[in-house]
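What follows is a single structure, written as structure tokens, with notes after it.
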Amino acid sequence: MSGEPASATEVTSCRSCGGERLRPFLSLGATPIANRLVRADALDEADPSFPLEVGFCEDCALVQLTHVLPADEIFDEDYPYFSSFSDMLVRHAEKNVIDLIESRDLGPNSLVVEVASNDGYLLKAFVERGIPVLGIEPTPGPAAAAREVGVPTREEFFGAELAQRLVDEGLRADVIIANNVMAHVPDLNSFVEGFSILLKDDGVVSVENPGLHALFAHTEFDTVYHEHFCYFSTIAVEALVRRHGLELVGVTEFPELHGGTLRWRSARAGALGGGAPDESVARVLGAERAAGFDSFERYGNFGAEVGELQRELLALLTDLRAQGKTIAAYGAAAKGATLLNSTGINTDLIDFVVDRNVHKQGKYMPGARLPILPPEALLERQPDYLLLLAWNVKNEIMAQQSEYASRGGSFIVPVPRPVVL
């Protein structure tokens, strides 16, 4: 982006309930914007860094950043994330599509709207089955890619105002899908109000996001970055949707997806067409309360746990380097930027990063300034160790890199504790 970067704004009241009992519990220092990859011609320019701190709302239990940047500063014209580069994510999406078609009896007179539809990887499966769709995607590159595969896409941020315009145009959704986006939304109430406005009376909303339980169970501190304004428990989601006339009707757990993902299904409160709440809602809410996710005491020691993990990882990499070993990394993902920068890992310890996403290749990781190369570089250079920054898809990566392993290469998985495989 041109011009001066925005400054971070300190958050003093909860972005969900408006309460002012927001208590910090984790600080990762000042880090650059995780997805702001550095072009080769900009290596002499400093990366602006901003506070990265997380707090807990004692009124509604929402975990959220205590300093935030404007959304258009983060999701700019160079935003590099394209979902279709993950085989696992594409397979997960296709199964979701089939389940929704069958359970909701979707057909040529239905409308499926996806918020943050990215490059159309999910909606494309509906289009192939003759079901009308509309993608909402604010970033130009992914939106253009979606249109190229036949997915009609509006290049805008979603909220109550856009939802009302769509209704005024005669559109109402049988299904609204919002996968891995609600954490990215600074104005949660406008976002969920948009669901309520756009949804048909008997429609259903399907939201997926990494669950808060996984972040704590596996010390997934690297899922914290400026792009993620919030970190959701089912307790916090239930309070949020209820505020906008919706109710949770189902919760599905996906332990292997993004380190531990939850899918929350919501419908209009009391609307039979959306389905009555099933047993999963009470079960998951009960488990979260039993685990203490509605109380600050659950969060107080997390910073110390993260610090211990970081020290272990830094010591491992430093020792390997001292032995003369070469180390590369896999995955120029946002979580990788947080892990590298908050732990102090740079070119002194890691030689380069590889990534399948061609839109990232040839650029550099923010802050750490590691060059991003295509995966073929692993066999060309055969580093002794490969640090899996994208550990959430470690099985997929290790399967893809079987030849690297057969030549003697080893993998380092950094969380929940650093291990060598």
Side-chain angles (χ1 to χ4, degrees), residues 11 13-22 57-65 68 71 100 104 111-117 134 136 138 154 156-169 171-209 211-212 228-252 262-278 280-282 284-285 288 293-294:
V11 176
S13 58
C14 175
R15 62 173 37 83
S16 179
C17 72
E20 297 186 355
R21 297 196 299 159
L22 193 58
C57 174
E58 293 192 282
D59 292 315
C60 74
L62 179 65
V63 171
Q64 57 201 282
L65 295 186
V68 299
L100 283 168
R104 307 302 302 171
L111 175 65
V112 177
V113 175
E114 185 182 11
V115 178
S117 49
L134 175 64
I136 310 293
R154 299 281 283 262
E156 300 185 57
F157 286 101
F158 182 79
E161 189 272 335
L162 174 56
Q164 188 58 59
R165 277 194 280 121
L166 294 174
V167 171
D168 291 344
E169 294 171 16
L171 300 177
R172 296 286 297 278
D174 295 271
V175 175
I176 300 175
I177 299 171
N179 291 347
N180 300 304
V181 59
M182 199 159 71
H184 301 179
V185 176
D187 190 346
L188 277 178
N189 287 299
S190 175
F191 189 75
V192 179
E193 183 184 353
F195 293 160
S196 186
I197 292 170
L198 186 58
L199 190 67
K200 286 183 179 179
D201 289 344
D202 60 351
V204 68
V205 179
S206 177
V207 173
E208 287 185 14
N209 236 86
L212 189 65
H228 283 170
F229 298 102
C230 300
Y231 305 84
F232 292 100
S233 63
T234 302
I235 296 169
V237 171
E238 193 276 334
L240 173 62
V241 300
R242 178 163 32 87
R243 190 178 303 120
H244 297 282
L246 302 172
E247 67 175 341
L248 282 183
V249 296
V251 184
T252 307
L262 294 178
R263 176 186 294 158
W264 297 285
R265 287 185 294 111
S266 302
R268 293 197 185 281
L272 295 179
D278 63 33
S280 64
V281 176
V284 175
L285 285 172
E288 288 186 354
F293 285 123
D294 56 352

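Just so it is clear, the structure is predicted and the values come from calculations on it, not from any experiment.
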Using the test side-chain hydrogen bond (donor to acceptor under 3.5 Å, both in side chains), find all partners of Arg242 that sit at least two apart in sequence or belong to another chain.
-> Glu238

State, yes or no, whether a side-chain contact exists between Phe229 and Val11 at a heavy-atom distance under 4.5 Å.
-> no

Measure the acute angle between the ring planes of Phe232 and Trp264, then classify it against the limits of 30° and 60° as parallel, tilted or perpendicular.
-> perpendicular

Interatomic spacing from CD in Gln64 to SG in Cys57 - rounded to 0.5 Å = 6.0 Å

Only pairs at least two apart or in different chains count here, so list each salt bridge (Lys or Arg N to Asp or Glu O under 4.0 Å) that has a residue in residues 172-185.
-> Arg172-Asp201, Asp174-Lys200

Considering residues at least two apart in sequence or located in another chain, which fulfil the side-chain hydrogen bond (donor to acceptor under 3.5 Å, both in side chains) criterion with Glu288?
-> Thr234

Arg21: side-chain hydrogen bond (donor to acceptor under 3.5 Å, both in side chains) partners, not counting sequence neighbours | Asp59

Which atom pair, heavy atoms only, marks the closest approach of Phe158 to Gly194?
-> CZ-C, 3.6 Å

Salt-bridge test for Glu169 and Arg165: reply yes if a basic N is under 4.0 Å from a carboxylate O, no otherwise.
-> no

Would you name the heavy atoms of Asn189 and Leu240 that are closest together and state the gap between them?
-> OD1-CD1, 3.8 Å

Is there a side chain to side chain contact (heavy atoms under 4.5 Å, CB included) between Ile176 and Val115 once you walk through the steps?
-> CA-CA 7 Å; Ile176 300 175; Val115 178; 4.2 Å; yes

Any Leu188 side-chain heavy atom under 4.5 Å of Met182 side chain | yes

Counting N and O atoms only, with roles assigned by atom type, does the side chain of Ser206 sit under 3.5 Å from a partner on the main chain of Ile177, one being a donor and the other an acceptor?
-> no

Minimum heavy-atom separation for Gly18 to Ser13, with atom names?
-> O-CB, 3.6 Å

Taking only residues two or more places apart in sequence or in another chain, which ones pass side-chain hydrogen bond (donor to acceptor under 3.5 Å, both in side chains) with Ser190?
-> none

Nearest non-hydrogen partners of Asn209 and Ala183, listed with the distance = ND2-CB, 3.3 Å

Enter the distance from Asp294:CG to Cys60:SG here, rounded to the nearest 0.5 Å.
-> 11.5 Å

Which pair of heavy atoms, one from Val192 and one from Leu246, lies closest together, and at what distance?
-> CG1-CD1, 4.2 Å

With sequence neighbours excluded, what pairs up with Arg15 under the salt bridge (charged side-chain N to carboxylate O under 4.0 Å, His left out) test?
-> none

Value rounded to 0.5 Å, distance of CZ in Arg243 from OG in Ser16 | 3.5 Å

Apply the test side chain to side chain contact (heavy atoms under 4.5 Å, CB included) to residues Val249 and Glu247: give CA-CA distance (whole Å), side-chain angles for both, the deciding distance (0.1 Å), then the verdict.
-> CA-CA 6 Å; Val249 296; Glu247 67 175 341; 4.2 Å; yes

Taking all non-hydrogen atoms of both residues into account, name the closest pair between Arg268 and Ser196 and its distance.
-> NH2-O, 2.5 Å

Decide yes or no on side chain to side chain donor-acceptor pair (under 3.5 Å) for Thr252 and Arg265, but give the supporting numbers first.
-> CA-CA 8 Å; Thr252 307; Arg265 287 185 294 111; 5.1 Å; no

Hey, what do you get for SG (Cys14) to CG (Leu62), rounding to the nearest 0.5 Å?
-> 5.0 Å

Take Leu162 and Arg154, measure what side chain to side chain contact (heavy atoms under 4.5 Å, CB included) needs, and give me the verdict at the end.
-> CA-CA 10 Å; Leu162 174 56; Arg154 299 281 283 262; 4.2 Å; yes

Give, for atom CG of Leu111 and atom CG of Leu198, the distance between the pair rounded to the nearest 0.5 Å.
-> 7.5 Å

Val113/Leu171 under side chain to side chain contact (heavy atoms under 4.5 Å, CB included): CA gap, chis, key distance, verdict = CA-CA 10 Å; Val113 175; Leu171 300 177; over 6 Å; no

Look at atom CD of Gln164 and say whether more than 12 heavy atoms of other residues, nucleotides or ligands are closer to it than 6.0 Å.
-> yes

